[in-house]
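First the proteins, then the strands, lettered A, B, ... as listed; each starts at 1.
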Number of protein chains: 2
Amino acid sequence: MSGQMLRLSPAACTCFRLRSAARRVTAIYGRHLAPTGLKISQFSLLGFIAAEGPVSIGRLAELVATDRTTLTRNLRPLLNDGLVEPAASGDRRRREFAATAAGRSLFKRALPLWADAEQEVRDAMGPKITADLHGALDRSMERLADL
Amino acid sequence: MSGQMLRLSPAACTCFRLRSAARRVTAIYGRHLAPTGLKISQFSLLGFIAAEGPVSIGRLAELVATDRTTLTRNLRPLLNDGLVEPAASGDRRRREFAATAAGRSLFKRALPLWADAEQEVRDAMGPKITADLHGALDRSMERLADL
DNA sequence: AGCCGGAATGTGTATATGCACATAATATAC
DNA sequence: GTATATTATGTGCATATACACATTCCGGCT
């Protein structure tokens, strides 16, 4: 009985735990990245765009596992701040984007701060739990890929 | 060199992976809960309120590990839909909330759908990876509790 | 009684997230 | 070569998230 109750308790929910963990870790990274003016989501997005070269919204959506329409809006702050700019595209349906020089420069300045955040989390959790978490997340995402 | 590049690649970020996983799993739960009109975050919040009885914003913020001010707004839809209502409070600074009969009823109807989502994720990941993920998340959250 | 520090909460602003729906442009079938 | 299916994207709406700042109230001190 109590086992059943425990499994049904809201806090036992896989989704709830993942979301809680994401919120908490997001806050930690946010503190480190604050001097750059970048949120962690913007940092990730900028990094992918810089690494991929000119890239379309749809391709980005695959890369970052985010809804296409979310990216349309997440790009706005980066465009407004001149970190990303539209790039030429052969297909007029497709809009492509690339990092500007300012964008690449800011990303490079943000990298060590991101590494500090990564290290703070690793220090708090210890190498074993960190590795376990990464492994569990990776294998989970593989299995959930086509749902 | 390539190892260094890999570690610095945006996709290797703990925060990015957690957020991606949370998005993906959120979508799965959302599909199951859609017939109830509840988002997974609303389902969790309603569950906590129903389980705790009259509870303040501040207490809820601790329970669900969410910023206090976020909860102020997350409560709105639940209040508007008559699932949660204000409750008396001895301290006029504190606003307390409790689930209504409709709220408890809807939560009970949503529970099996939530269980279906939980099961779908478990089936996709398998019992071992599921247990590993839960364990890694639990231990991570413990270690990150006071950061 | 009156002041005052701390506690509990709300608001303004900005971003993140995704579904349903609409639009534009390319590719394909005939 | 046009009608149509498909592809790529944007928009309206609603919610989720949290920081900085403002407000209101309680409790203790004088």
Side-chain angles (χ1 to χ4, degrees), chain A residues 15-16 18-46 54-62 64-81 83 86-87 89-97, chain B residues 15-16 18-46 54-62 64-81 83 86-87 89-97:
Chain A
C15 190
F16 173 77
L18 266 173
R19 291 173 65 89
S20 295
R23 279 194 300 269
R24 182 152 316 204
V25 172
T26 294
I28 295 171
Y29 282 68
R31 285 201 292 273
H32 285 275
L33 287 177
T36 68
L38 290 172
K39 312 273 183 179
I40 178 61
S41 49
Q42 298 172 338
F43 171 80
S44 299
L45 196 50
L46 182 55
V55 63
S56 69
I57 297 266
R59 171 98 178 102
L60 267 180
E62 292 173 15
V64 303
T66 296
D67 189 90
R68 184 179 62 70
T69 66
T70 296
L71 290 183
T72 295
R73 317 196 204 226
N74 288 2
L75 276 173
R76 292 278 165 77
L78 300 179
L79 288 165
N80 290 338
D81 293 348
L83 306 172
S89 158
D91 187 333
R92 264 190 302 179
R93 285 172 302 183
R94 200 162 47 227
R95 290 180 62 200
E96 304 229 328
F97 298 95
Chain B
C15 190
F16 173 77
L18 266 174
R19 292 173 65 89
S20 295
R23 280 194 300 269
R24 183 153 314 206
V25 173
T26 295
I28 295 171
Y29 282 68
R31 284 201 292 273
H32 285 275
L33 287 176
T36 68
L38 291 171
K39 313 271 185 182
I40 178 62
S41 49
Q42 299 172 339
F43 171 80
S44 299
L45 196 51
L46 182 55
V55 62
S56 69
I57 296 267
R59 171 98 180 102
L60 268 181
E62 293 173 13
V64 303
T66 297
D67 189 271
R68 184 181 60 69
T69 66
T70 297
L71 290 182
T72 295
R73 315 193 205 229
N74 288 1
L75 275 174
R76 292 278 166 79
L78 300 180
L79 289 165
N80 290 339
D81 293 347
L83 306 172
S89 158
D91 188 333
R92 260 189 305 177
R93 285 171 301 184
R94 199 162 48 226
R95 291 179 62 201
E96 305 228 328
F97 298 94

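Under the rule for a salt bridge (Lys or Arg N to Asp or Glu O under 4.0 Å), A/Arg76 has no partner lying at least two apart in sequence or in another chain. Evaluation of the side chain to side chain donor-acceptor pair (under 3.5 Å) rule for B/Arg95 yields no partner, not counting sequence neighbours. Taking A/Ala87 as the reference, A/Pro54, A/Glu96, A/Ala98 meet the side chain to side chain contact (heavy atoms under 4.5 Å, CB included) condition, with sequence neighbours excluded. With sequence neighbours excluded, the residues forming a salt bridge (Lys or Arg N to Asp or Glu O under 4.0 Å) with A/Asp91 are A/Arg93, listed by chain and number. The salt bridge (Lys or Arg N to Asp or Glu O under 4.0 Å) check on A/Arg31 picks up nothing, with sequence neighbours excluded. For B/Thr66, the side chain to side chain donor-acceptor pair (under 3.5 Å) partners at least two apart in sequence or on another chain are A/Arg23. Taking B/Thr36 as the reference, B/Leu33, B/Leu38, B/Leu106, B/Ala110, B/Leu113 meet the side chain to side chain contact (heavy atoms under 4.5 Å, CB included) condition, with sequence neighbours excluded.
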If you look only at distance, which donor and acceptor atoms sit under 3.5 Å apart when one is on a side chain in residues 67-75 of chain B and the other is two or more places apart or in another chain?
unit_1: B/Asp67; atom_1: OD1; unit_2: B/Thr69; atom_2: N; d: 2.8
unit_1: B/Asp67; atom_1: OD1; unit_2: B/Thr69; atom_2: OG1; d: 2.5

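For DNA chain C, the span of nucleotides reached by chain B at under 4.0 Å from its heavy atoms goes, 5' to 3', from C/dG6 to C/dG18.
A distance of 7.5 Å separates CG in A/Asp81 from CD in A/Gln42, rounded to the nearest 0.5 Å. In this structure, A/Thr26 OG1 and A/Arg19 CZ are separated by 11.0 Å, a value rounded to the nearest 0.5 Å.
Checking the phosphate oxygens (OP1, OP2) of D/dT24, no side-chain nitrogen or oxygen of B/Arg92 falls inside 4.0 Å.
Taking atom CZ of A/Phe16 as the reference point, atom P of D/dT17 lies 10 Å away to the nearest angstrom. Atom pair A/Asp91:CG and D/dT6:C1' shows a separation of 12 Å (rounding to whole Å applied). For B/Leu60 and D/dA18, the CG to P distance is 14 Å, given to the nearest whole Å.
Contact check of residues 65-80 of chain B against DNA chain C (heavy atom, cut-off under 4.0 Å) returns B/Arg68, B/Thr69, B/Thr72, B/Arg73, B/Arg76. Taking a 4.0 Å limit (strictly below) on heavy-atom distances, residues 18-35 of chain B reaches DNA chain C at B/Arg19, B/Arg23.
Among all heavy-atom pairs drawn from B/Phe97 and B/Pro86, the shortest one is CD2-CA, 3.9 Å.
DNA chain D is contacted by both A/Ser56 and B/Arg93; A/Ser56 maps to the nucleotide lying nearer its 5′ end (nearest heavy atom per residue). Between B/Phe97 and A/Asp81, the residue anchored closer to the 5' end of DNA chain C is B/Phe97, taking for each the nucleotide with the nearest heavy atom.
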